[in-house]
Amino acid sequence: MVYLVYLLALIFIVLGFLFGVSVGWKCVHGRNAVGNLMIAPGDENEQPYIFLDLTTSIEYLESSEYVVLKVKPLETREKQSV
């Protein structure tokens, strides 16, 4: 019975640690993002197009050693028949 209590306590400690790490990771990296890297599918047989949408100044990027970008894939529009 005592081992069961220790096992449950260990499980709750590990789950609490993982939850704390995941919330902390989201807060730190979500807040430090300097913009969006948007990826649009290319035309037939072409590479995808990549666009950079910055939310900070260029001077901040030049002074930083590392930056975080959020990646957002863009949806394609359906071709309209004429």
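These numbers come from a predicted model, not from an experiment. Below, all heavy atoms of this structure are taken into account, side chains as well, without hydrogens, waters or symmetry copies.
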To the nearest 0.5 Å, atom CD1 of I13 lies from atom CG of L8 at 11.0 Å
More than 12 heavy atoms of other groups within 6.0 Å of Q47 CD: no
Grouping ILVMFWY residues whenever side-chain heavy atoms fall under 4.5 Å, the cluster of M1 otherwise contains none
Distance col, row L52:CG vs N36:CG, nearest 0.5 angstrom, shows 8.5 Å
When rounded to the nearest 0.5 Å, the distance separating CG of L74 from CD1 of I50 is 11.0 Å
Joining Ile, Leu, Val, Met, Phe, Trp and Tyr whenever any side-chain heavy atoms lie under 4.5 Å apart, the cluster holding L10 also takes in V14, F17, L18, V21
Value for CZ (F12) from CG (L7), rounded to nearest 0.5 Å, stands at 10.0 Å
Problem - Stepwise side-chain contact (heavy atoms from CB on, under 4.5 Å) check, I39 with Y49 - result: CA-CA 6 Å; I39 303 172; Y49 297 105; over 6 Å; no
Indicate, with yes or no, if V68 and L37 share a hydrophobic cluster defined by side-chain heavy-atom contacts under 4.5 Å among Ile, Leu, Val, Met, Phe, Trp and Tyr. no
- Would you kindly confirm whether F51 and L54 end up in one hydrophobic cluster when ILVMFWY residues are joined by side chain heavy atoms under 4.5 Å apart? no
Nearest heavy-atom contact between V71 and P73 is O-CD, 3.9 Å
